[in-house]
Amino acid sequence: MYPGDAMFNAVPIFVMIMFIVVIGLIIFNMGKGISQWKKNEDSPKLSVPALVKTKRTHVSRHTHHQTEPHHHDHVTSSTSYYVTFEFESGDRSEFKVSGGEYGQLAEGDMGKLTFQGTRYLGFERMRG
(Lines give C-alpha, C1' and ligand atoms only; values in the text may rest on other atoms or scores of the structure.)
Protein backbone atom coordinates (compact mmCIF):
# COMPACT_ATOMS: atom_id res chain seq x y z
CA MET A 1 0.00 0.00 0.00
CA TYR A 2 1.33 3.41 -0.94
CA PRO A 3 1.08 6.35 1.48
CA GLY A 4 -1.02 8.22 -1.08
CA ASP A 5 -3.67 5.46 -0.99
CA ALA A 6 -4.56 6.17 2.64
CA MET A 7 -5.02 9.85 1.88
CA PHE A 8 -7.05 9.04 -1.23
CA ASN A 9 -9.37 6.85 0.89
CA ALA A 10 -9.59 9.31 3.81
CA VAL A 11 -10.74 12.34 1.82
CA PRO A 12 -14.20 10.98 0.87
CA ILE A 13 -14.77 9.89 4.48
CA PHE A 14 -13.77 13.36 5.75
CA VAL A 15 -16.07 15.06 3.22
CA MET A 16 -18.98 12.79 4.23
CA ILE A 17 -18.42 13.52 7.94
CA MET A 18 -18.35 17.28 7.27
CA PHE A 19 -21.54 16.99 5.19
CA ILE A 20 -23.30 15.16 8.02
CA VAL A 21 -22.11 17.74 10.59
CA VAL A 22 -23.34 20.67 8.46
CA ILE A 23 -26.75 19.03 7.84
CA GLY A 24 -26.97 18.24 11.57
CA LEU A 25 -26.29 21.87 12.50
CA ILE A 26 -28.92 23.09 10.05
CA ILE A 27 -31.52 20.71 11.48
CA PHE A 28 -30.53 21.66 15.06
CA ASN A 29 -30.91 25.39 14.34
CA MET A 30 -34.26 24.85 12.62
CA GLY A 31 -35.43 22.89 15.66
CA LYS A 32 -34.30 25.69 17.98
CA GLY A 33 -36.18 28.25 15.90
CA ILE A 34 -39.37 26.18 15.84
CA SER A 35 -39.06 25.56 19.58
CA GLN A 36 -38.73 29.31 20.30
CA TRP A 37 -41.68 30.09 18.02
CA LYS A 38 -43.81 27.47 19.83
CA LYS A 39 -42.74 28.81 23.23
CA ASN A 40 -43.73 32.35 22.17
CA GLU A 41 -47.08 31.12 20.83
CA ASP A 42 -47.80 29.40 24.15
CA SER A 43 -46.84 32.48 26.20
CA PRO A 44 -49.50 34.99 27.23
CA LYS A 45 -49.57 38.42 25.62
CA LEU A 46 -48.55 40.87 28.33
CA SER A 47 -48.88 44.66 28.47
CA VAL A 48 -46.88 46.10 31.35
CA PRO A 49 -45.44 49.48 32.37
CA ALA A 50 -41.82 49.75 31.25
CA LEU A 51 -38.96 52.17 30.70
CA VAL A 52 -36.81 52.22 27.54
CA LYS A 53 -33.43 51.65 29.19
CA THR A 54 -30.97 51.19 26.31
CA LYS A 55 -30.86 50.79 22.55
CA ARG A 56 -28.25 49.06 20.40
CA THR A 57 -27.63 47.90 16.85
CA HIS A 58 -25.74 44.98 15.37
CA VAL A 59 -24.38 45.22 11.83
CA SER A 60 -23.61 41.99 9.94
CA ARG A 61 -21.44 42.14 6.85
CA HIS A 62 -21.54 39.45 4.18
CA THR A 63 -19.00 39.10 1.37
CA HIS A 64 -20.17 37.38 -1.80
CA HIS A 65 -17.29 36.18 -3.96
CA GLN A 66 -17.86 36.46 -7.68
CA THR A 67 -15.55 34.80 -10.17
CA GLU A 68 -17.10 36.05 -13.39
CA PRO A 69 -16.69 38.30 -15.28
CA HIS A 70 -14.42 40.73 -13.39
CA HIS A 71 -13.66 38.88 -10.13
CA HIS A 72 -15.16 41.60 -7.90
CA ASP A 73 -16.39 40.76 -4.42
CA HIS A 74 -19.82 42.08 -3.50
CA VAL A 75 -20.30 43.14 0.13
CA THR A 76 -23.72 43.53 1.71
CA SER A 77 -24.66 44.38 5.26
CA SER A 78 -27.74 44.10 7.41
CA THR A 79 -28.58 45.86 10.65
CA SER A 80 -30.50 44.37 13.57
CA TYR A 81 -32.07 46.68 16.15
CA TYR A 82 -32.46 45.90 19.87
CA VAL A 83 -34.12 47.75 22.75
CA THR A 84 -33.79 46.91 26.45
CA PHE A 85 -36.82 47.66 28.60
CA GLU A 86 -36.81 47.90 32.39
CA PHE A 87 -39.88 46.85 34.36
CA GLU A 88 -41.14 48.29 37.66
CA SER A 89 -39.53 45.32 39.46
CA GLY A 90 -36.11 46.34 38.13
CA ASP A 91 -35.93 43.33 35.80
CA ARG A 92 -34.86 43.98 32.22
CA SER A 93 -35.63 42.32 28.89
CA GLU A 94 -34.13 42.96 25.48
CA PHE A 95 -36.24 42.66 22.33
CA LYS A 96 -35.37 42.74 18.65
CA VAL A 97 -37.40 45.50 16.97
CA SER A 98 -37.81 46.89 13.46
CA GLY A 99 -35.73 49.84 12.30
CA GLY A 100 -38.82 52.07 12.23
CA GLU A 101 -39.75 51.12 15.78
CA TYR A 102 -36.15 51.63 16.89
CA GLY A 103 -36.18 55.16 15.50
CA GLN A 104 -39.40 56.02 17.37
CA LEU A 105 -38.09 54.95 20.77
CA ALA A 106 -35.79 57.06 22.94
CA GLU A 107 -33.90 56.04 26.06
CA GLY A 108 -35.91 57.21 29.05
CA ASP A 109 -39.33 56.83 27.40
CA MET A 110 -41.98 55.51 29.79
CA GLY A 111 -44.97 53.60 28.56
CA LYS A 112 -46.73 50.29 28.17
CA LEU A 113 -44.72 47.45 26.60
CA THR A 114 -46.65 44.65 24.92
CA PHE A 115 -44.83 41.37 24.30
CA GLN A 116 -45.37 37.64 24.01
CA GLY A 117 -42.48 35.51 25.24
CA THR A 118 -39.42 36.90 23.44
CA ARG A 119 -41.56 38.53 20.72
CA TYR A 120 -41.88 42.33 20.83
CA LEU A 121 -45.42 43.45 19.94
CA GLY A 122 -45.35 47.19 20.63
CA PHE A 123 -44.74 50.09 22.95
CA GLU A 124 -47.28 52.80 23.74
CA ARG A 125 -45.55 55.89 25.10
CA MET A 126 -47.18 57.60 28.10
CA ARG A 127 -48.36 61.10 27.44
CA GLY A 128 -47.20 63.40 30.14
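Throughout, residue positions are numbered sequentially from 1 according to the sequence presented.
To the nearest 0.5 Å, atom CG of residue N29 and atom CD1 of residue I34 are 11.0 Å apart.
Cluster membership for F28 and W37, using ILVMFWY side-chain heavy atoms within less than 4.5 angstrom, is not shared. In terms of hydrophobic clustering, with Ile, Leu, Val, Met, Phe, Trp and Tyr side chains grouped at heavy-atom distances under 4.5 Å, I17 and L25 are assigned to a common cluster. By the rule that hydrophobic residues join a cluster once side-chain heavy atoms approach within less than 4.5 Å of another member, V48 and V52 end up as members of one cluster. Connection of V11 to F19 is not established within any shared hydrophobic cluster, with ILVMFWY side chains joined at heavy-atom distances below 4.5 Å, either directly or through further cluster members. Residues L51 and V97 do not share a hydrophobic cluster, defined by chaining ILVMFWY side chains whose heavy atoms lie under 4.5 Å apart.
Y102 carries K55 over the face of its six-membered ring, with the cationic atom under 6.0 Å from the centre and within 45° of the normal.
Side-chain N or O atoms of D109 include one that pairs as donor or acceptor with a backbone N or O of A106 at under 3.5 Å. The main-chain N or O of P44 is never found under 3.5 Å from a side-chain atom of Q116 such that the two would form a donor-acceptor pair. S35 contributes no side-chain N or O that, together with a main-chain N or O of G31, makes up a donor-acceptor pair within less than 3.5 Å.
Put simply, the side chain of E94 reaches to within 4.5 Å of the side chain of R56, judged on heavy atoms. Y120 is not listed as a side-chain neighbour of V83, based on a closest heavy-atom distance of 4.5 Å or more. Taking the side chain as every heavy atom from C-beta outward, T118 and Q36 approach each other to under 4.5 Å. By the 4.5 Å heavy-atom criterion applied to side chains, P49 and K112 are not counted as neighbours.
In terms of heavy atoms, S60 sits closest to H62 at CB-NE2, 3.8 Å. Here the closest heavy-atom approach between residue G117 and residue N40 is recorded as CA-OD1, 3.3 Å. Residues S77 and V59 approach most closely at CB-CG1, 4.1 Å, considering heavy atoms. Taking all atoms of both residues into account, the shortest heavy-atom contact from L113 to A50 is CB-CB, 3.9 Å.
In this view, D42 and K38 satisfy the salt bridge (charged side-chain N to carboxylate O under 4.0 Å, His left out) rule, not counting sequence neighbours. With sequence neighbours excluded, no residue forms a salt bridge (charged side-chain N to carboxylate O under 4.0 Å, His left out) with E101.
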Review item, side-chain donor-acceptor pairs of residues 84-91, under 3.5 Å, at least two apart:
residue, atom, partner, partner atom, Å
T84, OG1, T54, OG1, 3.3
E86, OE1, R92, NE, 2.9
E86, OE1, R92, NH2, 3.0
S89, OG, D91, N, 3.3
S89, OG, D91, OD2, 3.2

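Note: Y82 and F95 fail the aromatic proximity criterion, with ring centroids not under 6.0 Å apart.
Around atom CD of Q104, no more than 12 heavy atoms belonging to other residues, nucleotides or ligands sit under 6.0 Å away. The number of heavy-atom neighbours closer than 6.0 Å to CD of E41, taken from other residues, nucleotides and ligands shown, is above 12.
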